[in-house]
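A quick write-up on the structure given underneath.
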Amino acid sequence: MNFELSTEQKLLRESAKSMVERDIQPVMDEHDQNTPLPKEAMLRIYEVLARQGLMAPRLPEEDGGGGFKMLDYGLMFEMLPPEIALSLLGQECTIARIFAESTKEQQDRFLPDLIAGRKICCTGTTEPDVGSNPREVKTRVQEDGDSLVINGSKIWITNANICDIMNVTCNDGIDENGRGRLRRVVVERDVSPFESGEIKCLGIRQGHLGEAHFNNCRVPLENSLGVSGDAAKVLTLTWNGNRPLVGLTAVGLAQKAFDAALEYAGIRKQFGKLLGGHQLIQANLADIETLIVTSRLLCYSALDAMDNGQRANGTSAMAKRYATTACEKAISEAMQIHGAMGIGCETGLEKLYRDVRMLPIPDGANNILAMIQGRELVNIDAFR
Ligand SMILES: Cc1cc2nc3c(=O)[nH]c(=O)nc-3n(C[C@H](O)[C@H](O)[C@H](O)COP(=O)(O)OP(=O)(O)OC[C@H]3O[C@@H](n4cnc5c(N)ncnc54)[C@H](O)[C@@H]3O)c2cc1C
């Protein structure tokens, strides 16, 4: 066991940090902090990410991917602003899902533009009445000659309003166990138009969280992925990877708050001495650092487990649940060290607090993650 990052890993992290400072943050700064970035700005950022192989980090290099280890990808991911991190996750895990479920002909048709960052994609599973249990998806797909016809609505979908392609999780009847059979259909917006809109949220406001409506949307039959019924398995595998990555986004936000609190404790004086000289403030800082370090290590260890061939269902669920909760607490504590300055908009801490609050929900809300971990512990499925 080695807790020290290798020289290559340190370099990866540094290069991601400079990429953000040089090529990503300036594009974001050109636009309003509280409004989703225009698609044109996102495409400029995607071009930057694509150059680093980040559009398809989980795909082997021989298939056009970045060929990253999950841990190395995570080290870079942690450096990304949350708006870009979530959008990238929507894009790259959709690419991984399409790759896993498609024929060579479909891969050649859909993937090159997505991997180059010329087109934006997403996965639409959640619906107004269906959240934590995707098996209950109601969006219907029916075959009609050489077309598929889709009817239904999706909500809370990352990239929905700016996507060129949505990988839509549809209901295709009932399987032999009486559970919903899922089928994935690639909807190309220029061929099969659908309506969409942004949803205003508490945080990550330059990002894109939206809804989409399919009303007799006709899609070529050859856009159907996989064998009907495989979709749930592919969803789960990619979720396991996503969870520690979302945890690392929380870590990145909390680290920023901690750095600010440490600096403030070194300049602000009360009772005749620096805040940092008061024992209780030192204890507060020690608590915050502990929350961040434990979160980071859990996420790294889940990603490392996947690199070593484990499925890591429980570990990745634990990492995300712990990290998003601990980092929310860490940011709140860092705000407290700033007193009233912490809740004002000037320090940027309130944005970190709003942003981190978005993260315990996607890719498995916290109760769901606890039950995934619990299922491994007691070997009883509490979901059924
Ligand atoms: C930032 C963000 C990005 C997202 N991106 C996408 C995306 O790209 N694609 C997509 O398809 N979806 C996306 N989502 C949606 C997300 O996957 C769902 O919001 C999530 O699965 C939870 O569903 P829900 O909101 O409907 O909550 P519900 O399922 O209604 O759950 C509500 C609450 O009840 C709890 N709960 C549910 N079932 C149980 C149970 N059996 N026992 C105990 N507690 C339970 C949950 O933990 C939750 O706290 C995103 C959401 C967010 C916030």
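Numbers here are sequence positions counted from 1. Atoms within a ligand are numbered from 1 in the order they appear, just like the ligands themselves.
Atoms of ligand 1 lying under 4.0 Å from at least one heavy atom of Thr158, given by number and element, are 3 (C), 4 (C), 5 (N), 6 (C), 7 (C), 8 (O). Near Leu86, meaning under 4.0 Å from any of its heavy atoms, are these atoms of ligand 1: 1 (C). Numbered from 1 in the order shown, with element, the atoms of ligand 1 that lie under 4.0 Å from a heavy atom of Thr123 read 7 (C), 8 (O), 9 (N), 10 (C), 11 (O). For ligand 1 and Ile361, the ligand atoms under 4.0 Å from any heavy atom of the residue are 19 (O), 20 (C), 53 (C). Annotation for ligand 1: atoms under 4.0 Å from non-hydrogen atoms of Ala365 are 46 (C), 47 (O), 48 (C). Interface atoms of ligand 1 facing Gly131, defined by a heavy-atom separation under 4.0 Å, are 21 (O), 23 (O), 24 (P), 26 (O), 29 (O). Of all the atoms in ligand 1, the ones that sit under 4.0 Å from a non-hydrogen atom of Ile368 are 37 (C), 38 (N), 39 (C).
In this structure, Met371 is part of the shell of residues with a heavy atom less than 4.0 angstrom from ligand 1.
Scanning all protein heavy atoms for the shortest distance to atom 50 (C) of ligand 1 gives Trp156 O, 3.1 Å. The protein non-hydrogen atom at the shortest distance from atom 44 (N) of ligand 1 is Asn367 ND2, 3.0 Å.
Using modelled atom types, one finds a donor on one side chain and an acceptor on the other under 3.5 Å when comparing Arg311 with Asn313. The closest side-chain donor-acceptor pair between Asn151 and Arg140, if any, does not fall under 3.5 angstrom. Of the N and O atoms on the side chains of Ser196 and Arg189, at least one donor lies less than 3.5 Å from an acceptor on the other residue. For the 3.5 Å distance criterion, the side chains of Asn159 and Gln91 fail to qualify, holding no donor opposite an acceptor.
Where the criterion is an N or O separation shorter than 3.5 Å, residue side chain and backbone included, Asn366 fails it with respect to ligand 1.
The closest donor-acceptor contact from the side chain of Gln206 to the backbone of Met28 lies under 3.5 Å. In this structure a side-chain-to-backbone donor-acceptor pair under 3.5 Å is missing from Thr347 to Ile343. The main-chain N or O of Gly152 is never found under 3.5 Å from a side-chain atom of Glu127 such that the two would form a donor-acceptor pair.
Residues Ile84 and Ile24 have side chains in contact (heavy-atom distance under 4.5 Å, counting atoms from C-beta outward).
Distances from atom 34 (O) of ligand 1 to the protein include no heavy-atom value under 4.0 Å. In this structure, atom 19 (O) of ligand 1 is in close contact with the protein, since a protein heavy atom lies within 4.0 Å of it. Distance screen at 4.0 Å: atom 6 (C) of ligand 1 has a protein heavy-atom neighbour inside the cut-off.
By heavy-atom distance, the residue among Cys201, Ser132, Pro82, Gly203 lying nearest atom 29 (O) of ligand 1 is Ser132. Comparing Leu89, Thr126, Leu359 by heavy-atom distance to atom 12 (N) of ligand 1, the nearest is Thr126.
Using bins of under 30°, 30° to 60° and over 60° for the plane-to-plane angle, the ring pair Phe214/Phe194 lands in the tilted bin.
Taking the charged nitrogens against the carboxylate oxygens, Glu222 and Arg109 have no contact shorter than 4.0 Å, which rules out a salt bridge.
With a 4.0 Å cut-off on non-hydrogen atoms, Asn159 does not touch ligand 1 at all.
Within 6.0 Å of CG on Asn34 lie more than 12 heavy atoms contributed by other residues, nucleotides or ligands.
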